[in-house]
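Inspection log for the structure reproduced underneath, given as structure tokens.
The structure displayed is predicted, hence computed values, not measured ones.
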Amino acid sequence: MSRAKPSAIMAVADKAKALKASGRDIISFSIGVPNFLPGEHVYAAVRDALARDSGQYGSNRGVDALLDAFLTHLEGSGLSGYTRKNVATGIGAKHVLYNLAEALLDPGDTIAFAVPYWTTYVDIAEIVDAKMRQMPCPASQDYKLTPAQLDAALPGVKVFLFNNPNNPTGMVYTKDEIAALADVLVKHPDVWVICDDIYNRMVFDGVGYHNFVNARPELRDRVIHVDSISKTYGMPGWRVGFMAGPEVVAQAFTTLNSNHITNVPEIVTAAAIAALSGPQDVPTQKCAEFQAKRDQVLDTMRSIPGVVCPRPEGAFYVFPDISCAFGKSHGGTKIGNDVDFCNALLEAKGVACVPGSAFGDPNALRISYTCPTAQLPEGLKRFREFFAELV
């Protein structure tokens with residue numbers, strides 16, 4: 001447990017909450033929650049499930065109706081050919097990733113992933129005592145992994161963890177970029193591939209979601225897809241995640257469930273089935289809203305001299321390089337790094353962002369633009385003012 005650390009993102013969110021509770025006017029761009037609720041059909045399904053609650057243990061893998069709903073959802077994402085034996089459920093995508101790490105990594109094995117990364121990747125690797133091979137992808141290369149980088153990093157690697165669309169950057173890999181990386185993966189047949197795809201329904205600008213299996217079908221036997229209802233359906237607190245991959249991995253995952261969680265609760269299962277199988281108007285509408293919010297944030301970032309911000313095309317994050325502010329001061333407060341910047345911004349303007357160092361890139365910060373729509377222009381205005389006041 002000495003290797004485990006609490007979430008850096010939650011630390012920022014907690015500080016913002018404390019300031020708000022003390023009476024400060026705080027606008028939070030910190031935590032990555034969608035900030036919308038699912039459609040009424042989800043709650044109707046829950047009420048019906050409550051009326052019929054059995055109170056019994058459920059399936060370690062997940063009930064058939066939930067597995068079938070996820071399989072249909074997968075097909076909607078362009079991933080066909082999977083059966084119930086290829087899939088399993090967990091308590092959110094974070095639990096799914098942890099189970100996969102336990103199933104695939106022995107102590108001392110190496111896991112590779114790009115930087116910037118979602119903070120939990122490092123924490124899970126450290127808890128299971130895996131070595132990490134991090135591949136830096138700075139703003140100068142649009143925060144994207146190149147085929148040459150991947151090819152150089154994979155020898156000796158047991159698991160390659162790939163996040164698309166990406167948290168924290170919001171970047172989305174094109175069909176051609178996915179194909180080029182898939183060609184590299186084919187050359188390294190001993191590497192398992194975990195695809196963290198939880199934002200796959202939040203893609204903008206017509207780019208679309210693409211995956212390794214469709215690019216190179218021979219990768220199917222070692223690619224595991226991870227998904228969740230949290231972001232797409234506005235249900236992060238319901239805690240339902242999924243995996244789809246080789247049957248042997250799904251069985252190992254199910255065995256771990258039998259010792260970790262037993263099952264996803266019956267009431268939660270009903271909610272997840274309704275979300276996946278019911279009307280998709282809410283997530284479709286929210287995706288359009290997030291694209292419009294992305295445009296607002298990007299316009300602001302591009303209006304600030306010195307800030308570099310590649311154009312994100314998915315999720316609900318923007319990851320600007322704000323290193324131009326380092327060495328300057330705000331109101332007598334010296335800004336030496338990203339943490340100083342975020343602390344000064346929060347204290348001076350009441351705007352909470354997460355320092356980029358939490359994601360492995362100390363030159364940047366993450367803006368989550370899921371705040372109430374009315375708050376976004378004011379938060380961006382304060383962000384511009386903060387930069388304008390630097391000396």
Side-chain angles (χ1 to χ4, degrees), residues 1-15 30-32 88 90-138 143 145 149-150 152-164 166-169 188 190-199 222-226 228 230 236 239 241 243 245 249 252-253 255-257 259-261 317 319 337-339 342 354-366:
M1 286 308 298
S2 64
R3 295 193 298 269
K5 293 185 285 292
S7 168
I9 301 169
M10 293 306 299
V12 175
D14 289 345
K15 183 175 181 179
S30 59
I31 193 167
I91 306 296
K94 188 179 290 189
H95 170 243
V96 171
L97 289 168
Y98 185 85
N99 258 16
L100 290 173
E102 288 279 16
L104 299 175
L105 291 162
D106 287 323
D109 283 344
T110 300
I111 181 170
F113 47 83
V115 182
Y117 49 72
W118 182 43
T119 58
T120 296
Y121 294 168
V122 168
D123 298 327
I124 289 176
E126 289 183 341
I127 290 170
V128 301
D129 202 16
K131 297 176 183 176
M132 286 173 275
R133 190 165 297 168
Q134 300 180 11
M135 297 168 280
C137 303
Y143 297 128
L145 186 64
Q149 273 184 299
L150 183 61
L154 286 185
V157 164
K158 183 75 173 294
V159 172
F160 167 49
L161 177 53
F162 183 68
N163 181 208
N164 176 51
N166 182 265
N167 175 10
T169 68
H188 298 271
D190 297 326
V191 178
W192 291 101
V193 182
I194 300 175
C195 294
D196 182 351
D197 298 337
I198 69 169
Y199 296 95
R222 51 193 178 94
V223 172
I224 303 107
H225 299 276
V226 176
S228 164
S230 295
R239 309 311 303 142
M243 65 133 292
V249 177
F253 187 102
T255 299
L256 284 169
N257 272 358
N259 294 288
H260 283 170
I261 65 163
Y317 308 111
F319 200 67
N337 54 44
D338 60 322
V339 176
C342 288
V354 183
S357 53
F359 309 98
D361 188 340
N363 289 321
L365 58 77
R366 191 188 74 172

Drop me the distance from Leu105's CG to Leu161's CG, to the nearest 0.5 angstrom.
9.5 Å
Asp361/Tyr143 under side chain to side chain donor-acceptor pair (under 3.5 Å): CA gap, chis, key distance, verdict:
CA-CA 10 Å; Asp361 188 340; Tyr143 297 128; 4.5 Å; no
Value rounded to 0.5 Å, distance of CG in Leu365 from OH in Tyr317:
14.0 Å
Which atom of Ser228 lies closest to which atom of Ile198, heavy atoms considered:
CB-CG2, 3.9 Å
Value for CD1 (Ile111) from CZ (Phe160), rounded to nearest 0.5 Å, stands at 10.0 Å
Going by side chain to side chain contact (heavy atoms under 4.5 Å, CB included), name the residues that satisfy it together with Arg239, two or more places apart in sequence or in a different chain.
Ile91, Lys94, Ser230
Between Pro116 and Cys137, which heavy-atom pair has the shortest distance, and what is it?
CD-O, 3.5 Å
Could you grab the distance from atom CG of Leu145 to atom CZ of Phe162, nearest 0.5 Å is fine?
7.0 Å
Between Val96 and Gly241, which heavy-atom pair has the shortest distance, and what is it?
CG2-C, 3.7 Å
Within the structure provided, determine whether Phe113 and Val159 are in side-chain contact (heavy-atom separation under 4.5 Å).
no
Which residues share a salt bridge (charged side-chain N to carboxylate O under 4.0 Å, His left out) with Glu102, sequence neighbours left out:
none
Closest contact, heavy atoms only, Gly90 versus His95
CA-ND1, 3.5 Å
Report yes or no: does Arg222 contribute a side-chain atom to a donor-acceptor pair with the main-chain N or O of Val193 at less than 3.5 Å?
no
Does Ala153 offer a backbone N or O that forms a donor-acceptor pair with the side chain of Arg133 under 3.5 Å?
yes
Between atom CZ of Phe319 and atom CG of Asn363, what is the distance when rounded to the nearest 0.5 Å?
9.0 Å
Which atom of Arg366 lies closest to which atom of Ser30, heavy atoms considered:
NH2-O, 2.6 Å
Leu154 CG to Asp190 CG distance, which is reported to the nearest 0.5 Å:
11.0 Å
What are the two closest heavy atoms between Val223 and Cys195, and how far apart are they?
CG1-SG, 3.9 Å
Side chains of Gln134 and Val122, heavy atoms from C-beta outward: is any pair under 4.5 Å?
yes
Sequence neighbours excluded - side chain to side chain donor-acceptor pair (under 3.5 Å) pairs with any residue from residues 107-120
Asp109-Lys158
Val339 and Pro355, any side-chain heavy atoms less than 4.5 Å apart:
yes
